[in-house]
A.B. asks: 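Here it is, the structure, as C-alpha cells.
Fair warning: this is a prediction, and the values are worked out from it, not measured in the lab.
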Amino acid sequence: MRVKLKDIEFSSPILTASGTYGYGHEVRDMADVNQWGGIITKSVTRHPREGNPPPRIAETRSGMINSIGLANLGVEKYCNEIIPSLNELQTKVIINIAGSAMKDYLETMEMLESKNGKHVGYEINISCPNVKEGGIEFGVNCEMTEQLTIEMRKRTDKLLIMKLSPNVTRIEDIAQAAESGGADAVSAINTVVGMAIDVKTRRPKLNTAFGGLSGPAIKPIAIANVHKVFKAVNIPIIGIGGIATAKDVVEFLLAGATMVQIGTMNYQNPNLGIQLKGELSEYYSQNEIEKTEDLIGKVEYHSN
Amino acid sequence: MRVKLKDIEFSSPILTASGTYGYGHEVRDMADVNQWGGIITKSVTRHPREGNPPPRIAETRSGMINSIGLANLGVEKYCNEIIPSLNELQTKVIINIAGSAMKDYLETMEMLESKNGKHVGYEINISCPNVKEGGIEFGVNCEMTEQLTIEMRKRTDKLLIMKLSPNVTRIEDIAQAAESGGADAVSAINTVVGMAIDVKTRRPKLNTAFGGLSGPAIKPIAIANVHKVFKAVNIPIIGIGGIATAKDVVEFLLAGATMVQIGTMNYQNPNLGIQLKGELSEYYSQNEIEKTEDLIGKVEYHSN
Amino acid sequence: MIYREMGKVISNEEIAEGIYKTVFISPNISSSSMPGQFVNILPSLDWRNVMRRPMSIASQGNDEISIIYKSVGEGTRIMANWAIGEKVDLIGPLGNYWEGYKSSFPIIVGGGVGIAPILNLHDVLLEKKIDHCLIMGARHSGEHFFPHEPQNKVFLSTDDGSLGIKGNVVDILKSIYPIGKHSQNTKIFSCGPPMMMDEVRNYSNENKLDCDLALETIMACGFGICQGCTVERKAETNGVHSYRNRFALACLDGPIFNAEEIISCV
Amino acid sequence: MIYREMGKVISNEEIAEGIYKTVFISPNISSSSMPGQFVNILPSLDWRNVMRRPMSIASQGNDEISIIYKSVGEGTRIMANWAIGEKVDLIGPLGNYWEGYKSSFPIIVGGGVGIAPILNLHDVLLEKKIDHCLIMGARHSGEHFFPHEPQNKVFLSTDDGSLGIKGNVVDILKSIYPIGKHSQNTKIFSCGPPMMMDEVRNYSNENKLDCDLALETIMACGFGICQGCTVERKAETNGVHSYRNRFALACLDGPIFNAEEIISCV
Ligand SMILES: Cc1cc2nc3c(=O)[nH]c(=O)nc-3n(C[C@H](O)[C@H](O)[C@H](O)COP(=O)(O)OP(=O)(O)OC[C@H]3O[C@@H](n4cnc5c(N)ncnc54)[C@H](O)[C@@H]3O)c2cc1C
Ligand SMILES: Cc1cc2nc3c(=O)[nH]c(=O)nc-3n(C[C@H](O)[C@H](O)[C@H](O)COP(=O)(O)OP(=O)(O)OC[C@H]3O[C@@H](n4cnc5c(N)ncnc54)[C@H](O)[C@@H]3O)c2cc1C
Ligand SMILES: Cc1cc2nc3c(=O)[nH]c(=O)nc-3n(C[C@H](O)[C@H](O)[C@H](O)COP(=O)(O)O)c2cc1C
Ligand SMILES: Cc1cc2nc3c(=O)[nH]c(=O)nc-3n(C[C@H](O)[C@H](O)[C@H](O)COP(=O)(O)O)c2cc1C
Ligand code: FES
Ligand code: FES
C-alpha cells in the first residue's frame, strides 16, 4: 500500500482531492483524517476570494457540477490560520495553489515557503482563467504551463505537482510541458466543463452558467486522460475523477496512475478514502499483489 | 413542434443520432419511424469498413463507451442497397458521412449526390482521425474544418451540417470555421473520449482501449458545448448528448439548440423519440409555448 | 459532534397527501440534536446520485428522531418506500438551531416542506410551557395533518379555504396581528418555500420584529467541505473579506439565518 | 416480428444457489419465440444504466415465457427481487434459434448461466420425442436444480463431485462418448461460459461433429442498431467485405453460431 513520490512516502495511494475535503479538520468527527494517504487542501490564492454567488452546485446524472469560484481566505490568512492546524495532522499534506496570473502563483508559493509548514508539496491548479492572457487558462497552453512550472520549481524543493485540465484537445502535450518544466508529478483530471438549465425557471442551475462536472459520470473520461498522459510522460501521475470503489482505484492504477485522489464521493461518505484503503489492501492480498507498483500502468492491450 | 432548417421543414425537432438507429428499418416492428422529426443514418465512408474487433461497447455509470469503428458497407453498396430503402421513409432523412481524408469525404458526397436520393441533407462526422495529417481529426482543427466545409458546400445544395467533437479546447472556434465555410448548421456533440478497464482481466473494456462516451452522463458536457457554440455562431445548432426525457429536450432548446438528436437511449427504448415528441407537445401546451423558436436560446442568466 | 449513524426505520407513514413521516432509532443523533438542525440522508444503500438528501429533524428524544417530508423526486420517492426495519445511512445533527425563543413571544410559521423544524420547535415550546402562536400553511386541506385550533393559538391556512383560514400564512399573520399590533418581545421563526419566507420577512420588517428563517439550499455535503450551499449575506464585500462572510454556508452558518442578515430567501 | 411488451411476473423464485427463475405472462413474445432466442430486459422502470439485460428464453407457450438467470450484478440483483404482479419491460423475441436438431442425435450441453436455452431445447426435444442426451455442469450440487438421471440420458457434473459426475461437462462427454465413438448424425448444441464453450468446440472438432454454440456478448440494443455485440467470424477480410461479414452481430446473426464459423468463444 505504501507508495513514494520522489522521496516522500505515503501510507496509502489514496489522497483527498482539492476542494472536496476542506482543510482536513471539518470531518474529524466522522473520519480519522490521518488514515488518508494524504490531504490535498482547497485551492489557496494570493488574495482572499469570496467565490461565486449561489447557486454554486447542482446534481446531474451520476455527477454534479460546481462553480464555487475558489472561495478561500487568501494566502496571508492561510499562513496564519490554516497552516498551524495542517501542521497538527499526522498524514502528509499537499497545498493546492490557484491563481489568475503568474505573479499570483509565485507570490503565493513564496509566502507558503517562508512559513515552517510541514506540508510535503504543492499541487498547482492551472485551470483558472489567466487574466493577463485575456482569460485563457494556463492549463490549455503548453508554453504557459511550462513557464509556470519552471518558475514554481525554482521556488521550492518540496513536491511539485501540476494539476491538468481535461478541457483541452491534447492533454498529453500539457503534461509534457509540465514534465519539462520540472514538475515531480502531474495530477489529472480537474472537472470537465458542464452546464445544466432548470427548465422551470429557465435559469442555469449554476449562477455562473458554466461549471465543472465531477463524480462517477466522468470516470471514463478521467481514465482515458490518465492513460494518455501515462503514455506521454515519465513522471508519476495522480489519477482523479469519479472514484467511488476500490475497483475504481485499481482501474486508475492499471491505467497508469501512481496514486489517486477522491473528490465528489467524499460528500456522500467522508470516510470513503479510509474505507477504500482497507478494501484495497484486501484486494492486494486476494490477488497476490505485493506492492502498488505491480499495478501501475499494467493494463494489457487486446492483441488484434 | 414544426421547425425549419434553412428551407426544410421537420415535423418535430427530434432526430435520431447517427450510428444509433441503423438505417431506420431495423426498428420498424417497435416504432413508427416516420414519427421522428428525421432520421440521421449511421456514418457512411468511401470504402467499406468492417469496424473494430470486439469488444466494442461497455457500460459505464449512466453512460456507455463505444468503438464501433465506423463499420459500414461503403458508399457504393450504400447507394445501391440503402438509399432505395431510405427513399421509402416518409420522414426526413439526413445522411451522415465520415472519412479520413478530404478526398474520401468529397467522393462519398459526390456519389451520394449523383443518386436520386430523397434525403434532405448531410451531416458530416469530422471526428475521425485524418490519415494525411498524421491522424489529427478534422474536428480539432479550424482550417481543416473550414476547408472541408467549403468543399462540401460546393458539392451540394442540400442541408449541410457539420458535427462537432467535444474533445477540443475551444469548440466555438471550430463552429465558427464551419459557419464561415458555409455550413447550414452544426450539430454537437459527438462522443467524449473515454476508457474503462476490466480490473479482473486487466484488459481495456474496449478492444481499441479508447472509445467514445455517450448517454446521460455526458448531458452537462453537451449542454455546455451547445451553449458555447450558440454564443459564437448565427447558424442553427442541433443538440446531442444524453437526452432521455422531454425536459432534456427543452434544456437543449433553452441552451440554444434548434433541434436535437437522441442516441444512446434509443437502445433502451427505440420508441423514445416518438414518445418524447408527444411529451414535448404536451409540455408546449401546458406552458403556453406556441412554437419551438420561443424556447431556442432562451436561457436567462442569473443577474449578479 | 457529528455522527454518521445507521438509523433503523421504526415507522414510515403518509400523514397527508404526498407528505410522509419517518421515525428512526438513531440514539447518537437523537441525544445530541436541537430543534432546527437537520440530518443528511442516503436514500438507499445503492443510491446512484452523488448528493445525500437533507431533511430537518422533526422530533428527537428517547433514542428516536423523526423527519417529515414531501415526495418530490427520486430521493424522496425512495424514502417514502422505506420498509420498517430498514437501516438508513444518516449524518447528523447538522447546522445551527432555533435560538432566542425563551425570552420572547414566539410566532412560529411553517409551510410546504418547511413544517418539520417548525413542529419540532412547537413541541419544545409546549414542553417548556412557553406561550406561542403556531401558523401552518398548505394548498388545501389534504396537505394538513394537524387540527386547526385557534383557541390554542394554532392556525392553519389553505389556499382554497378547504381547512382553517383561506389564504396564505401571512394573510393569517396579518389578520391575527395587524401591522403594529405586536408586543415588544415577539419573535418570528419560520421555514417554508422561498416565496413564503420572503413575505414573512417583509411582514417582520414592517413590524420591526426579530425574525429567524430556516433556508433550504442545494447541499452536497452538509458539513462544510463542498462550499456549495451558500446564502448571500449583507456583508461588506470591499476590503479584506473572508470567504464565509458575504457567502455564508447554509450547512454551517445556517440553515437558520436572521432575516435582517440575508439578501434573499431563495 | 419483435415486440416490446410489459411482461407480468407470475412467479420469481431462487431455484438453486444464486440462480433464479422468473415466469412472465407475455403473450406476444410467448407465441412467436423459438428455443435459443432471447429477450432484452429493463430491470426496473427507473433503471439508470443505459443497457438492458439480455436473457435467454427458458420456455415459452400458453402466453408465458420464463427466464433462468444468475444474480451477478446490479441488474440481476434487481431482477431477483421482482415482486409477483410486477410489470417488466421486455423486448423480444430476439436473435436466431436452435436448428438442425430434428435430423440428428442432439447432445445438448449447458453450464453456468447457459442453462436456460439448453433447457428450452431439452423440453422441445422431449415434446417432439427426439432422442437426445442432456449434459449440465455446475461448480457444486447447490447450483443444480435438476435430477441426475443417466438412465434418461440426463447427466450432471460438478467440479467438486458433490452431485452427478465429478469434473466438467467435457469430462462427462468424453466418458460417455469417447473420442471417435459417435454416430454419424450426432450434433452438439451448447451454451455456457466461454472457457467451457471452447472445450466443447475442441471436443466437437476432434470428433468431427457439427456443433452450434450460443454466445453471450455485451449488448446495448439487442436488435441490430448499435453494432456493439460483435463476434469474430472466419471470414475473408481482404477485398470488398461487408461490415457484418467478419464481425457478425450476436443479436441478429446469433446468438447461435456454428463452432466452425467463429474465431473464439469469448
Ligand atoms: C437544511 C434542509 C432541510 C430540509 N428539510 C426538509 C424537510 O424537513 N422536509 C422536506 O420535505 N424537505 C426538506 N428539504 C428539502 C429536501 O432536501 C428536498 O426536497 C430533497 O432533497 C429532494 O430530493 P429528491 O431526490 O426527492 O428530489 P430531486 O429529484 O433531486 O429534486 C426535486 C426538487 O427538489 C429540489 N431539491 C433537490 N435537492 C434539494 C436540496 N438539497 N435542498 C432543497 N431543494 C432540493 C430540486 O431542486 C428539485 O426542484 C430540506 C432541505 C435542506 C437544505
Ligand atoms: C444473448 C444472451 C443471452 C443471455 N442469457 C442469459 C441467461 O439465460 N441467464 C443468465 O443468467 N445470463 C444470461 N446472459 C448474461 C446476462 O445478460 C448478464 O449476466 C447480465 O446482463 C448481467 O447483468 P448485471 O447488471 O446483473 O451485471 P453487471 O453488473 O452489469 O455485470 C456483471 C458481469 O456480467 C457481465 N455482463 C454484463 N452484461 C452482459 C451481457 N449483456 N452479456 C454477457 N455478460 C454481461 C459483465 O461483464 C460483468 O462481468 C445472456 C447474455 C446474452 C448476450
Ligand atoms: C465542489 C468542488 C470544489 C472543487 N474545488 C477545487 C479546488 O479548489 N481546486 C482544485 O484544484 N480542484 C477543485 N475541485 C476538483 C476536484 O479536486 C477534482 O479534480 C474533481 O472533482 C474530479 O474528481 P471527483 O470526480 O472525484 O470529484 C473541486 C471539485 C468539486 C466537486
Ligand atoms: C454505438 C454508437 C455508435 C455511434 N456511431 C456514430 C457514427 O457512426 N457517426 C457519428 O457521427 N456518430 C456516431 N455516434 C455518436 C452519436 O451520434 C451521438 O453523437 C453521441 O452518442 C451522443 O449522443 P447520446 O448521448 O444521445 O448517445 C455513435 C454513438 C454510439 C453510442
Ligand atoms: S453543503 Fe457542503 S459546505 Fe454546506
Ligand atoms: S446488441 Fe446492438 S447490434 Fe447487437
A.B. asks: Given that the side chain runs from C-beta out, which part of D/I2 has a heavy atom under 4.5 Å from chain B: side chain, backbone, both or neither?
C.D. replies: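 The answer is both parts of D/I2.
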A.B. asks: For atom CD of B/E279, is the number of surrounding heavy atoms from other residues, nucleotides or ligands below 6.0 Å larger than 12?
C.D. replies: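 Enclosed: over 12 neighbouring heavy atoms sit under 6.0 Å from CD of B/E279.
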A.B. asks: Could you check if a side-chain atom of D/V50 sits within less than 4.5 angstrom of a side-chain atom of B/S214, using non-hydrogen atoms only?
C.D. replies: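 Side chain of D/V50 against side chain of B/S214, heavy atoms only: no contact under 4.5 Å found.
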A.B. asks: Other residues, nucleotides and ligands only: do more than 12 of their heavy atoms fall within 6.0 Å of OH on D/Y203?
C.D. replies: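 Correct, the count exceeds 12.
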A.B. asks: Do the side-chain N and O atoms of B/N269 and D/R4 include a donor-acceptor pair separated by under 3.5 angstrom?
C.D. replies: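 Present: a donor and an acceptor within the cut-off.
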A.B. asks: Which of residues 215-227 of chain D get closer than 4.5 angstrom to chain B, counting heavy atoms alone?
C.D. replies: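 So the qualifying residues are D/I218, D/M219, D/A220, D/C221, D/F223, D/G224, D/I225, D/C226, D/Q227.
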A.B. asks: For B/K277, look at atom NZ and say whether over 12 heavy atoms of other residues, nucleotides or ligands are found less than 6.0 Å away.
C.D. replies: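 Atom NZ in B/K277 is crowded, with more than 12 foreign heavy atoms closer than 6.0 Å.
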A.B. asks: Please flag which part of B/A58 lies under 4.5 Å from any non-hydrogen atom of chain D: side chain, backbone, both or neither.
C.D. replies: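 Only the backbone of B/A58 comes within 4.5 Å of chain D.
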A.B. asks: Other residues, nucleotides and ligands only: do more than 12 of their heavy atoms fall within 6.0 Å of NZ on D/K70?
C.D. replies: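 Count over threshold, so yes.
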A.B. asks: Does any backbone or side-chain atom of B/T20 lie under 4.5 Å from a heavy atom of chain D? Answer side chain, backbone, both or neither.
C.D. replies: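 Contact with chain D: backbone only.
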A.B. asks: Flag yes if more than 12 heavy atoms outside B/R202 fall under 6.0 Å of its CZ atom; otherwise flag no.
C.D. replies: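 Atom CZ in B/R202 is crowded, with more than 12 foreign heavy atoms closer than 6.0 Å.
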A.B. asks: Look at B/G63, B/A71, B/G22 and state which one has the largest set of heavy-atom pairs under 4.5 Å with chain D.
C.D. replies: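 Highest number of heavy-atom pairs under 4.5 Å: B/A71.
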A.B. asks: Could you give the distance from CG (B/N52) to OG1 (D/T230), rounded to the nearest 0.5 Å?
C.D. replies: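 If we round to the nearest 0.5 Å, B/N52:CG and D/T230:OG1 are 9.0 Å apart.
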A.B. asks: Which atoms of D/L252 come close to chain B, meaning under 4.5 Å heavy atom to heavy atom: side chain ones, backbone ones, both, or neither?
C.D. replies: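 The answer is neither part of D/L252.
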A.B. asks: So, do B/E50 and D/N245 sit near enough that their side-chain heavy atoms are less than 4.5 Å apart?
C.D. replies: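 No, their side chains stay 4.5 Å or more apart.
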A.B. asks: Please say whether more than 12 non-hydrogen atoms of neighbouring residues, nucleotides or ligands are located less than 6.0 Å from CE in D/M6.
C.D. replies: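 Count over threshold, so yes.
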A.B. asks: Among B/A31, B/S67, B/P270, who wins on heavy-atom pairs under 4.5 Å with chain D?
C.D. replies: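 With the most close heavy-atom pairs to chain D, the winner is B/P270.
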A.B. asks: Run through B/R61, B/E59, B/M64, B/Q268 and flag the one making a side chain to side chain contact (heavy atoms under 4.5 Å, CB included) with D/N49.
C.D. replies: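 For D/N49, the side chain to side chain contact (heavy atoms under 4.5 Å, CB included) check succeeds only for B/E59.
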A.B. asks: Just how far is it from atom CE of D/M51 to atom OH of B/Y267, taken to the nearest 0.5 Å?
C.D. replies: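 Going from the CE atom of D/M51 to the OH atom of B/Y267 covers 9.0 Å.
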A.B. asks: If we define contacts as heavy-atom pairs under 4.5 Å, which of B/E76, B/K42, B/M30 has the most with chain D?
C.D. replies: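 Going by pairs under 4.5 Å, I would pick B/M30.
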